[in-house]
Amino acid sequence: MTQHTFTPDSKLPALGTTIFSQMSALAQEYQAINLSQGFPDFDGPEYLQQQLAWHVSQGANQYAPMTGVQPLREAIAEKTQRCYDYTPDVNTEITVTAGATEALFAAITALVRPGDEVICFDPSYDSYAPAVALSGGVLKRIALQPPAFRPDWQAFSELLSDKTRLVILNTPHNPTATVWQAADFDALWQAIGQQETYVLSDEVYEHICFAEGGHFSILQHPQLRERGVAVSSFGKTYHMTGWKVGYCVAPAAISAEIRKVHQYLTFAVNTPAQLALADMLRKEPEHYLDLPAFYRQRRDFLINALQESRFRVLPCEGTYFLLLDYSAISDLDDVSFCQWLTKEVGVAAIPLSVFCDGEFPHKLIRLCFAKQEPTLQAAAERLCRI
């Protein structure tokens with residue numbers, strides 16, 4: 001009897017293994033220093049680890065409420081008031097999710113209908129496009145041009161239509177390390193204020209911001225927050241990316257739709273981790289308040305270590321990523337250059353073109369500096385030898 005292999009038609013036929021997995025595998029194969037994937041090589045706060053173990057020992061090991069445990073939602077509301085002078089409703093406007101990626105997916109799925117248009121700014125994080133496609137939306141992209149990577153509001157206005165359902169923004173921005181200011185949010189409001197367009201603000205690096213004015217959140221803009229979703233990540237804030245705990249803040253009517261998706265996607269998030277994070281937010285708020293200085297030191301360490309290299313370092317206003325221009329070194333495209341860099345130099349990086357749809361003629365790569373200083377020093381020494 002012939003065995004028939006069932007192969008379903010792919011809903012995402014163009015997608016394969018991500019560049020992050022590819023470069024990490026290549027780094028392992030060639031024993032390169034991995035500055036490609038965006039995660040720290042150091043642990044999170046000891047108090048947070050202790051509280052996780054304590055809550056596990058106390059039996060907090062069953063399902064959490066779908067929206068998140070009450071102590072964590074209350075602590076999030078307090079932090080939001082402290083940081084952004086806005087207090088979201090604990091019961092109707094805060095939803096704890098399985099990492100920020102789930103919050104992004106749930107928000108896009110809840111808001112985007114078949115045929116709706118969604119605008120994002122390229123380079124853009126790679127999870128946006130698949131979520132839009134799965135919802136039947138049409139993604140429209142606006143290219144941010146180096147080295148400033150500032151939004152072109154004229155081009156944005158020209159791209160708007162009566163089908164524009166959602167705008168996705170990311171600040172501080174991965175991978176360009178730029179930061180939106182209050183004026184950018186004002187410009188966005190001026191463009192979309194008269195039509196029914198929602199805003200998804202990916203703010204996972206909110207506490208890793210070096211800009212003079214600090215991080216400006218959509219929650220600080222009275223008009224936009226009435227139609228906006230702000231997404232945050234505890235993994236980024238507490239160096240615990242493997243915990244996969246995030247949250248979103250949105251008006252009650254929008255949150256209700258997001259929760260409908262969340263309820264049947266993950267339903268609930270790790271209970272003891274939520275309780276530990278609630279303790280951490282209240283016991284040691286200085287951690288997230290001191291995070292800019294913590295990462296600024298690492299950023300500056302790497303920049304100084306690269307002074308004698310042939311790379312041109314671009315400004316870094318936020319995130320834990322640094323962009324390097326290699327045009328003085330090679331004519332290779334950025335994907336080929338990153339492969340060469342990993343194999344021949346022993347440092348793994350990410351090419352910026354993978355964050356874009358279409359041509360990206362610029363010779364730029366992304367390094368992650370969420371690493372210990374000996375790791376950064378060793379990588380810089382190898383890069384300086386080119």
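The salt bridge (Lys or Arg N to Asp or Glu O under 4.0 Å) check on Glu93 picks up nothing, with sequence neighbours excluded. Under the rule for a salt bridge (Lys or Arg N to Asp or Glu O under 4.0 Å), the partners of Asp325 that lie at least two apart in sequence or sit in another chain are Arg312. Asp122 meets the salt bridge (Lys or Arg N to Asp or Glu O under 4.0 Å) test with Arg141; sequence neighbours excluded. With sequence neighbours excluded, the residues forming a ring pair (Phe, Tyr, Trp, His ring centres under 6.0 Å) with Phe321 are Tyr205, listed by chain and number. His173 is linked by a ring pair (Phe, Tyr, Trp, His ring centres under 6.0 Å) to nothing, counting only residues two or more places apart in sequence or in another chain. Shown here are the salt bridge (Lys or Arg N to Asp or Glu O under 4.0 Å) partners of Glu117, two or more places apart in sequence or in another chain: there are none.
Annotation: side chain to side chain donor-acceptor pair (under 3.5 Å) contacts involving residues 249-259, sequence neighbours excluded, comprise Thr95-Arg259, Glu257-Lys260. Within the structure, salt bridge (charged side-chain N to carboxylate O under 4.0 Å, His left out) pairs that include any residue of residues 174-200 comprise Arg150-Asp184, Arg165-Glu196 (at least two apart or interchain). Residue pairs satisfying the side chain to side chain donor-acceptor pair (under 3.5 Å) criterion with at least one member in residues 24-36, sequence neighbours excluded, are listed as follows: Ser24-Asn34, Ser24-Gln37, Asn34-Ser36. Pairs passing the side chain to side chain donor-acceptor pair (under 3.5 Å) check and including a residue from residues 236-245, sequence neighbours excluded, read His239-Tyr295.
Between Phe234 and Tyr247, the ring center distance clears the sub-6.0 Å criterion. For an aromatic pair to be called close, the ring centres must be under 6.0 Å apart, and Trp153 with Trp189 fails this. Checked against the 6.0 Å centroid criterion, the rings of Phe355 and Tyr125 do not qualify as a close aromatic pair. Note: Phe294 and His287 fail the aromatic proximity criterion, with ring centroids not under 6.0 Å apart. Residues Phe337 and Tyr326 place their aromatic rings such that the two centres sit under 6.0 Å apart.
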Only pairs under 3.5 Å count here: list side-chain donor-acceptor contacts from residues 342-351, not counting sequence neighbours, and write none if there are none.
unit_1: Thr342; atom_1: OG1; unit_2: Cys338; atom_2: O; d: 2.8

Sequence neighbours excluded and cut-off under 3.5 Å, please list the side-chain donor-acceptor pairs for residues 129-139, or say none.
unit_1: Ser135; atom_1: OG; unit_2: Ala131; atom_2: O; d: 3.2

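A cation-pi arrangement is present between Lys79 and Tyr288, with the terminal nitrogen or guanidinium carbon under 6.0 Å from the aromatic centre and inside a 45° cone about the axis. Both the sub-6.0 Å distance and the 45° axial angle are not jointly satisfied by Arg298 relative to the ring of Tyr320. Taking the ring axis of Phe156 as reference, the NZ or CZ atom of Lys140 does not stay both within 45° of it and closer than 6.0 Å to the ring centre.
A donor-acceptor pair shorter than 3.5 Å cannot be found between the side chains of Asp279 and Tyr47.
When the options Leu324, Thr319, Asn174, Leu322 are evaluated for a side-chain contact (heavy atoms from CB on, under 4.5 Å) with Arg366, the one that passes is Asn174.
Side chains of Leu166 and Asp116 form no contact here, defined as non-hydrogen atoms less than 4.5 Å apart.
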